[in-house]
*Asks:* 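Take this structure first; my questions come after.
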Amino acid sequence: MTEIRQLKVKDIEGVRELEISCIKEYFAATIENKWEDLPQEWKDNLGASSKNHFKAYLDSGVSFVAVEDGEVVGFIFAQILHHICDEDNLLWIENMGVHPYFRRNMIGYQLLRECVKKGREMGCTVAHAMIQEDNAPSILLHKKVGFFMDRREVALMDLRDPKLKL
Ligand SMILES: CC(C)(COP(=O)(O)OP(=O)(O)OC[C@H]1O[C@@H](n2cnc3c(N)ncnc32)[C@H](O)[C@@H]1OP(=O)(O)O)[C@@H](O)C(=O)NCCC(=O)NCCS
């Protein structure tokens, strides 16, 4: 029986391992660089479960894990952002994943639903998730929970780039 519950400090190791394996999966499918060739410091900072980011998701009250036999088999990392996109309280879903062995058992669905339910209880008026356009499982999952997809492309700028001319 899978338990869906809020993220706790004790989950750090299990959830880190699972998030990294989901990120590796994404890299293998989309990015030319081999995971092993990427700088360690860069890899250490990836993901919501990384050292610098975990606490924000832990404290947010809207991050959840799925636990089976004491092992983390799914996660959703989210936080509430204030005064953004014309909203006072926006539920920002940063990342989610389910262990490949446990997929298609409605674990992702339950995680996303709990997160949105809790966000709503905490005063969020909008939920936001960024999903790659080729990620059909995730798109279909979000639609099933009640999200709609728009065609927005996101433009990014690296503000730490020393060559930046501003
Ligand atoms: C996306 C992901 C979290 C879905 O988790 P899951 O537990 O397998 O999903 P669920 O079993 O709860 O599926 C719920 C619904 O989502 C859709 N769905 C999920 N996986 C699907 C797939 N592989 N193909 C088609 N539809 C899929 C279906 O509508 C499904 O309902 P149904 O089973 O009644 O058809 C999982 O595939 C995953 O971890 N992927 C890798 C990481 C990732 O892409 N994360 C999202 C980043 S935005």
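Read the numbers this way: they start at 1 and go in the same order the structure lists the ligands and their atoms. For this chain, numbers begin at 1 and follow the sequence in order.
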*Asks:* Determine, for Arg16 against Asp44, whether the closest basic-nitrogen to carboxylate-oxygen distance falls under 4.0 angstrom.
*Replies:*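 Not counted as a salt bridge, because no side-chain N and carboxylate O are separated by less than 4.0 Å.
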*Asks:* Does ligand 1 come near enough to Asn135 that some N or O of the ligand is less than 3.5 Å from an N or O of the residue?
*Replies:*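 Yes, there is a polar N/O contact under 3.5 Å.
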*Asks:* Run the numbers for me: atoms of ligand 1, each under 4.0 Å from some heavy atom of Gly97, listed by number.
*Replies:*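 By the 4.0 Å cutoff, the relevant atoms are 39 (O).
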*Asks:* To the nearest 0.1 Å, how far is atom 18 (N) of ligand 1 from its closest protein heavy atom, and which atom is that?
*Replies:*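 Looking only at protein heavy atoms, the one closest to atom 18 (N) of ligand 1 is Pro137 O, 3.7 Å.
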*Asks:* Does a salt bridge link Lys118 with Glu121, judged by any charged N lying under 4.0 Å from a carboxylate O?
*Replies:*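 A salt bridge is present here (some side-chain N lies under 4.0 Å from a carboxylate O).
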*Asks:* How many angstroms lie between atom CE of Met106 and atom CZ of Arg104, to the nearest 0.5 angstrom?
*Replies:*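 Spacing of CE (Met106) from CZ (Arg104) equals 9.5 Å.
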*Asks:* Quick one: nearest non-hydrogen protein atom to atom 39 (O) of ligand 1, plus distance?
*Replies:*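 Its nearest protein heavy-atom neighbour is Val98 N, 2.8 Å.
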*Asks:* Walk me through it: do Asp11 and Arg5 pass the test salt bridge (charged side-chain N to carboxylate O under 4.0 Å, His left out)?
*Replies:* CA-CA 11 Å; Asp11 299 320; Arg5 61 154 171 79; 2.8 Å; yes
*Asks:* Among Ile76, Leu141, Ile93, whose heavy atom sits nearest atom 17 (C) of ligand 1?
*Replies:*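 Looking at heavy atoms only, Leu141 sits closest to atom 17 (C) of ligand 1.
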*Asks:* Report the member of Ile139, Ile107, Asn95, Ile23 with the shortest heavy-atom distance to atom 47 (C) of ligand 1.
*Replies:*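 Among Ile139, Ile107, Asn95, Ile23, the closest heavy atom to atom 47 (C) of ligand 1 belongs to Asn95.
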*Asks:* One residue to check: Asn105. Relative to ligand 1, which of side chain, backbone, both or neither has a non-hydrogen atom less than 4.0 Å away?
*Replies:*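 Asn105 to ligand 1: backbone contact only, side chain stays beyond 4.0 Å.
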*Asks:* Between side-chain atoms of residues 74-86 and protein atoms elsewhere (two or more places apart, or another chain), which donor-acceptor pairs fall under 3.5 Å?
*Replies:*
{"residue": "Gln79", "atom": "NE2", "partner": "Tyr57", "partner atom": "OH", "Å": "2.9"}
{"residue": "His82", "atom": "ND1", "partner": "Asp88", "partner atom": "O", "Å": "3.4"}
{"residue": "His82", "atom": "ND1", "partner": "Asn89", "partner atom": "OD1", "Å": "2.8"}

*Asks:* Is Arg103 salt-bridged to Glu25, going by a charged N under 4.0 Å from an acidic O?
*Replies:*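 Yes.
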*Asks:* Got the closest protein heavy atom to atom 48 (S) of ligand 1, with its distance?
*Replies:*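 Result for atom 48 (S) of ligand 1: Ser138 OG, 3.5 Å.
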*Asks:* Checking a contact table here: which protein heavy atom is nearest atom 26 (N) of ligand 1, and how many Å away?
*Replies:*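 Result for atom 26 (N) of ligand 1: Leu140 CD1, 3.5 Å.
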*Asks:* Identify, for atom 34 (O) of ligand 1, the protein heavy atom at the shortest distance, and state residue, atom and that distance.
*Replies:*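 Answer, as residue, atom name and distance: Lys144 NZ, 2.7 Å.
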*Asks:* Given a cutoff of under 4.5 Å between side-chain heavy atoms of I, L, V, M, F, W and Y, with clusters grown through shared members, what are the other residues clustered with Ile131?
*Replies:*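 In the cluster with Ile131 are Ile139, Met149.
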*Asks:* Check whether Ser50 reaches the backbone of Gly47 with its side chain - one donor and one acceptor, N or O, closer than 3.5 Å.
*Replies:*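 Side chain of Ser50 to backbone of Gly47, a donor-acceptor pair under 3.5 Å: yes, one is there.
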*Asks:* Does some side-chain heavy atom of Val65 sit less than 4.5 Å from a side-chain heavy atom of Val15?
*Replies:*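 Val15 vs Val65: side chains touch.
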*Asks:* Give yes or no for whether the N/O distance cutoff of 3.5 Å, strictly under, is met between Cys22 and ligand 1.
*Replies:*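 No, since none of the N or O atoms of Cys22 sits under 3.5 Å from an N or O of ligand 1.
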*Asks:* Give me the nearest non-hydrogen protein atom to atom 12 (O) of ligand 1 as residue plus atom name, then the distance to 0.1 Å.
*Replies:*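 Among all protein heavy atoms, the one nearest atom 12 (O) of ligand 1 is Tyr109 N, 2.8 Å.
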*Asks:* Would you say Met96 has any N or O atom under 3.5 Å from an N or O of ligand 1, going by distance alone?
*Replies:*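 Met96 vs ligand 1: N/O contact under 3.5 Å present.
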*Asks:* What's the separation between atom OG in Ser49 and atom CD in Glu17, rounded to the nearest 0.5 Å?
*Replies:*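 Here the interatomic distance stands at 10.5 Å.
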*Asks:* Give the numbers and elements of all ligand 1 atoms closer than 4.0 Å to a heavy atom of Gly108.
*Replies:*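 What qualifies from ligand 1 is 5 (O), 6 (P), 7 (O), 12 (O).
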*Asks:* Any nitrogen or oxygen of Phe102 lying under 3.5 Å from a nitrogen or oxygen in ligand 1? Just yes or no.
*Replies:*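 Looking only at distances, the answer is no, because the N/O contact criterion of under 3.5 Å is not met.
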*Asks:* Among Arg103, Arg113, Gln110, Gln132, which one puts a heavy atom closest to atom 38 (C) of ligand 1?
*Replies:*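 Selected option, by shortest heavy-atom distance: Arg103.
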*Asks:* If you measure from each non-hydrogen atom of Arg104 to ligand 1, which part falls under 4.0 Å: side chain, backbone, both or neither?
*Replies:*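 Contact part for Arg104 vs ligand 1: both backbone and side chain.
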*Asks:* For ligand 1, is there an N or O atom under 3.5 Å from any N or O atom of Met106?
*Replies:*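 In this structure, Met106 places an N or O atom under 3.5 Å from an N or O of ligand 1.
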*Asks:* Classify the ring geometry of His128 against Trp92: parallel below 30°, tilted from 30° to 60°, perpendicular beyond 60°.
*Replies:*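 If you compare the ring of His128 with that of Trp92, the planes turn out parallel.
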